[in-house]
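All chains are named by letter (A, B, ...) in the order of the sequence lines, taking the proteins before the strands, and each is independently numbered beginning at 1. As the structure is a prediction and not an experimental result, all values here were calculated from the model.
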There are 2 protein chains.
Amino acid sequence: MAQSDTVTRILDTAEVLFAERGFAETSLRNITSKARVNLAAVNYHFGSKKALIQAVFARYLDPFSQRFHSALDELEARYEGRDIPLEVLLETMATTVLTVPAERNSLKVFMRLLGLAYSQAQGHLRRYIQQQYGDVFSRFTELVRRATPDLPDAERFWRLHFMLGTVIFTLSGLDALRDIAEKDYHQHVSVRDLVRRLRPVVVAAMNAPLPDEKDIEHHADTVAH
Amino acid sequence: MAQSDTVTRILDTAEVLFAERGFAETSLRNITSKARVNLAAVNYHFGSKKALIQAVFARYLDPFSQRFHSALDELEARYEGRDIPLEVLLETMATTVLTVPAERNSLKVFMRLLGLAYSQAQGHLRRYIQQQYGDVFSRFTELVRRATPDLPDAERFWRLHFMLGTVIFTLSGLDALRDIAEKDYHQHVSVRDLVRRLRPVVVAAMNAPLPDEKDIEHHADTVAH
DNA sequence: GTTTGTTTAAAACATCCGTTTTTTATGGCC
DNA sequence: GGCCATAAAAAACGGATGTTTTAAACAAAC
């Protein structure tokens, strides 16, 4: 009881502060004082600040990858080997993403963290996430591949990352954007509202016509090797 | 000569290090030692670290906003009051973005910096960019508004930010993505190549059908108020 | 009831940070 | 040569950081 209380209080506080200010800008003293916990407790329970950062991510990503795996299991069973439509795959992913942190009312935090994992240097984090959760992502992309057989592999790769950028960028900068949107358009914007707006955009982007093949090779002004 | 040499050497080094590791993770000592310049030179020439960060951005954004303004002048003159097609607007922006840093072979750095400006806390930077270059952006969005008269204002607002996310996210994480892409698909990826791939995706996303209006209002599970 | 292992508390440690001050060098001008 | 503003170099300052150590509290086991 005593232990788990301290540990979760550290995690709860750390994820909020990390999401608000980033990793480097959040000191252990910030965390421990706000969590009303002793400074040494972080190094005692987690070992280091890096390990704490990874633990914060694990608390979101472990249940996410678990649920996403079983959601894909269910989907594959339902479609009995037939290709799963792209819309269904995207919808499933969105639902899973929305479900996981709903228990703690902190989708915003989750997305901010994902954005930080990409944008902040923190090489150790990218490596950790890659090796820890790379297989779920691979499984998903493989299903997307079957759902879009007409898309060249390279094109699909890039479009998936384009859309990843859209989602992470938007949801992680949500607070700032929401302020502008509500001021200019007098309209409340919830996360679910945003997902509703994202859906047709993402589908259209994935199904966009292939780029012109012209001048694909005669560019002498690229940063070639 | 002596002064301008020191100043530009600081700027050159700072922009690279900032782009690689972020602002907080890059110390003045990192910069000055790599630039082989005295530590105090930064505070002497720029006043503070914040001012240095802003100077790094200004060196890109000043010529950019200048060229983009004149490119839009030219465009408006050519179309003589008629609406400028969305594709032309996007193309013009892309061309301008590509032109500016080409002189220093560092589009990658430029995009990384833009991504950081968004994702890192650094409130002072966002404020600086907003008040310094907000008018170019406003002018552009106004032209986009006329180019997409059927899109509700709020929808256009969000879609523009979706696409901003796509571009910044992709180009700022370009190195990592390029490694994967070249390993998996054995194909060199230049920035211009990426822009070629982005074009149809962005256009399709902006022209995507409007989201379903159903269940737009009956969601009791949002973070209302 | 003492002992043992675990958790918290407090203090200290070494290091790094941005900034400021002090000193030294440089180069044009009268 | 002497003067002076400008630039560079060196050193120091105060403060904050992650981590470690030392000491106290606590609970369970014997």
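The listed nucleotides are D:dT17, D:dT19, C:dC17; the one nearest the side chain of A:Ser27 is D:dT17. Comparing C:dT19, C:dA12, D:dA9 by their closest approach to the side chain of B:Asn38 singles out D:dA9. Nearest nucleotide to the side chain of A:Thr6, out of D:dG18, C:dT8, C:dG18: C:dT8. Set against D:dA8, D:dT20, C:dC17, the side chain of A:Ala40 has D:dT20 as its closest nucleotide.
B:Arg29 places its CZ atom 6 Å from the P atom of C:dC17, with the value rounded to the nearest Å. For A:Glu25 and C:dG18, the CD to P distance is 12 Å, given to the nearest whole Å. Atom-to-atom, CG of B:Leu28 to C1' of D:dA9 comes out at 16 Å; the value is rounded to the nearest Å. Protein atom CG of A:Asp5 is 15 Å distant from nucleotide atom C1' of D:dC26, rounded to whole Å. As a whole-Å value, the separation of A:Ile53 CD1 from D:dT17 P is 14 Å. Taking atom CZ on A:Arg9 and atom C1' on C:dT8, their separation rounds to 11 Å, with Å as the unit. Between B:His124 atom NE2 and C:dG18 atom P there is a gap of 12 Å when expressed in whole angstrom units. Look at CG on A:Leu39: it is 17 Å from P on C:dA14, rounded to the nearest Å.
In this view, A:Arg197 and A:Asp193, B:Glu155 satisfy the salt bridge (charged side-chain N to carboxylate O under 4.0 Å, His left out) rule, not counting sequence neighbours. Shown here are the salt bridge (charged side-chain N to carboxylate O under 4.0 Å, His left out) partners of B:Asp73, two or more places apart in sequence or in another chain: B:Arg139.
Side-chain atoms of B:Arg9 come within 3.5 Å of backbone N or O of B:Ala35 as a donor-acceptor pair.
Between A:Phe169 and B:Phe169, a ring centre-to-centre spacing not shorter than 6.0 Å is recorded.
Annotation: of the two residues near DNA chain C, A:Arg36 and B:Val42, the 5′-most nearest-nucleotide partner is A:Arg36. Between A:Tyr44 and A:Asn30, it is A:Asn30 whose nearest contact on DNA chain D lies nearer the 5' terminus.
Using a cut-off of 4.0 Å between Lys/Arg side-chain N and Asp/Glu carboxylate O, A:Arg156 and A:Asp153 are scored as salt-bridged.
A sub-4.0 Å separation between OP1 or OP2 of C:dT6 and a side-chain N or O of A:His45 is absent. Contact annotation: B:Asn43 side-chain N/O to C:dT19 OP1/OP2 distance is under 4.0 Å.
Within the nucleic acid shown, A:Thr26 comes within 4.0 Å of sugar-phosphate atoms alone, with no base atom in reach, counting heavy atoms only.
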